[in-house]
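Notes to accompany the following structure.
Every chain is numbered from 1 and lettered A, B, ... according to where its sequence line falls, protein lines coming before strand lines.
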2 protein chains.
Amino acid sequence: MSAAATARREIPEASVARLPGYLRALTSLARDGIASVSSEELAAAAGVSSAMLRKDLSHLGSYGVRGVGYDVERLASEITSALGLTQDWPVAIVGMGNLGRALAAYRGFAERGFRVIALLDGDPRVVGEEVAGQRVRPMADLPALVTEEGLAIGVIATPSDGAQQACDDLVAAGVRSVLNFAPAVIAVPDGVVVRKVDLSTELQILAFHGQRVAVEEVVAP
Amino acid sequence: MSAAATARREIPEASVARLPGYLRALTSLARDGIASVSSEELAAAAGVSSAMLRKDLSHLGSYGVRGVGYDVERLASEITSALGLTQDWPVAIVGMGNLGRALAAYRGFAERGFRVIALLDGDPRVVGEEVAGQRVRPMADLPALVTEEGLAIGVIATPSDGAQQACDDLVAAGVRSVLNFAPAVIAVPDGVVVRKVDLSTELQILAFHGQRVAVEEVVAP
DNA sequence: AAATGTGAACGCGTTCACAGCC
DNA sequence: GGCTGTGAACGCGTTCACATTT
């Protein structure tokens, strides 16, 4: 195995999760014509500590210059490469309810190299409808999307009771990366990565903190 | 200070983040007419280990029965109370672009006790438009929403360059809990809690894993 | 007998602090 | 002199394993 692949594999998950933030900050700096940054500056732009930034970057390799800082273009390119963003990633969205339609129309994906190549739904009454300029396709189309179009990432936007089935279909077709918006726990075989985004959970966590503040105010005004 | 308030404050953040998942699993069990669960069963339903579940619940108090398990209704009620979900939480969404409109139309919020009481936008051309049955209001309405309607949670769905301003307006009006969908780091004073949801970041993390798999397959087919 | 609640062990992630290099 | 890269220290969160309780 090559050294690059080895290094790449050993990046801790927590670091990987911060790399997109660093990349965004670097892109913004580059747009402002800034050619070089210190870890202190970049960390501030990304909202982390400089020590954490340096430790994170050290997992990618040694791309800084002591006494100087990091070359903005170079570092952006290294992170892009480490994240695997040099290629386009075809994405399919499953579930054309409220949220699915919203995601289909959301332009933020395309901006970062994610092409929504298909919208799918398990309900035959929805299949064929036009959403965000695409015709909604049946789940049976999934295998062909994987083999012919290189589909690699599935987004689940079904109601919670359909999430497991949708995921099973995606995995059976060969998709190994899933972003789950349904408020449900889904089981997958080894080798498949699932990330979950749950809007209600986020609000519930905020409610907890809001309540905590309210309690404090009553107790110690 | 009451014991309940003290205990509530000491729940570790990581545990708080899992409570909504437990609550969801319990609600589902209750709907199926199940009155009692063991930590093993509930943990499986929530997708965590039984040891972690028990440790998490121990922060709330001692609501299980040794040798028996947990009463579903009782535990659901305790978690509801710990999270502060006995009351309704008024929410405002700022930024009526693509994502903001989608969130405004999303019904998942209301189902869990979050009332979207206002949609706002900083652009006068958007103010007055009707979105999801509500008239879009100007940012100047924020202070009145806080004092008169008890607005407590703000959702930022602006483009990234408007996020800090939107957040500043929310905080100035008295909002202490913010859910940020904009791909930007925002600064807030102490006492204000911000949670961030970034769809592109999630996809980028998935891309990393997808690429890792691809590399492995080339190296060790 | 069965399952909770919890101290102790463990491991990961973050921060510290400084050696090393420009 | 200044800033990176990193071993060491630290702290938090998870898991283990069992004493405790019904």
Between A/R195 and A/E13, is there a salt bridge with N-O shorter than 4.0 Å?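 Looking at A/E13 and A/R195, the cut-off is met.
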
In plain terms, say whether A/R74 and A/E78 are close enough for a salt bridge, that is, a side-chain N and a carboxylate O under 4.0 Å apart.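 So A/R74 pairs with A/E78 through a salt bridge.
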
Quick check on [N]: is either OP1 or OP2 less than 4.0 Å from any side-chain nitrogen or oxygen of [X]?
X	N	answer
A/S38	D/dC3	no
A/S39	D/dT4	yes
B/Y70	C/dG5	yes

Roughly how many Å is it from [atom1] in [X] to [atom2] in [N], rounded to a whole number?
X	N	atom1	atom2	answer
A/L57	D/dT4	CG	P	9 Å
B/D71	D/dT22	CG	P	16 Å
B/L42	C/dT4	CG	C1'	13 Å
B/H59	C/dG5	NE2	P	12 Å
A/Y63	C/dC21	OH	C1'	18 Å
B/E40	C/dA2	CD	C1'	12 Å

Would you check if the side chain of B/T147 reaches a backbone N or O of B/P143 as a donor-acceptor pair within less than 3.5 Å?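 Yes, because the side chain of B/T147 sits within donor-acceptor range (under 3.5 Å) of the backbone of B/P143.
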
Answer yes or no: is there a donor N or O on one side and an acceptor on the other, between the side chain of B/W89 and the main chain of B/G84, under 3.5 Å?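 Side chain of B/W89 to backbone of B/G84, a donor-acceptor pair under 3.5 Å: yes, one is there.
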
Any chance CD of B/Q87 has more than 12 other-residue heavy atoms, nucleotides or ligands included, within less than 6.0 Å?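 More than 12 within 6.0 Å, yes.
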
Between B/R24 and A/T201, is there a side-chain donor-acceptor contact under 3.5 Å, judged purely by atom types and distance?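 Distance-only check passes for A/T201 and B/R24.
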
For A/S58 and for A/G67, locate the closest nucleotide of DNA chain D by heavy-atom distance; then report the residue assigned to the nucleotide nearer the 5' terminus.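 Per heavy-atom nearest nucleotide, the more 5' residue is A/G67.
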
Given B/F114 and B/V155, is the side chain to side chain contact (heavy atoms under 4.5 Å, CB included) satisfied, shown in steps? CA-CA 12 Å; B/F114 296 94; B/V155 175; over 6 Å; no

Would the base of C/dT4 count as contacting B/R66 through its side chain, where contact means a donor and an acceptor less than 3.5 Å apart?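 Such a pair exists between side chain and base.
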
Sugar-phosphate means primed atoms, P, OP1 and OP2; the rest is base. With that split, encode nucleotides 8-18 of chain D 5' to 3' as B, S or - using protein heavy atoms under 4.0 Å. B----SSB-B-

With respect to the side chain of A/V65, which nucleotide from C/dC22, D/dT20, D/dT22 is positioned closest?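 So the side chain of A/V65 is nearest to C/dC22.
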
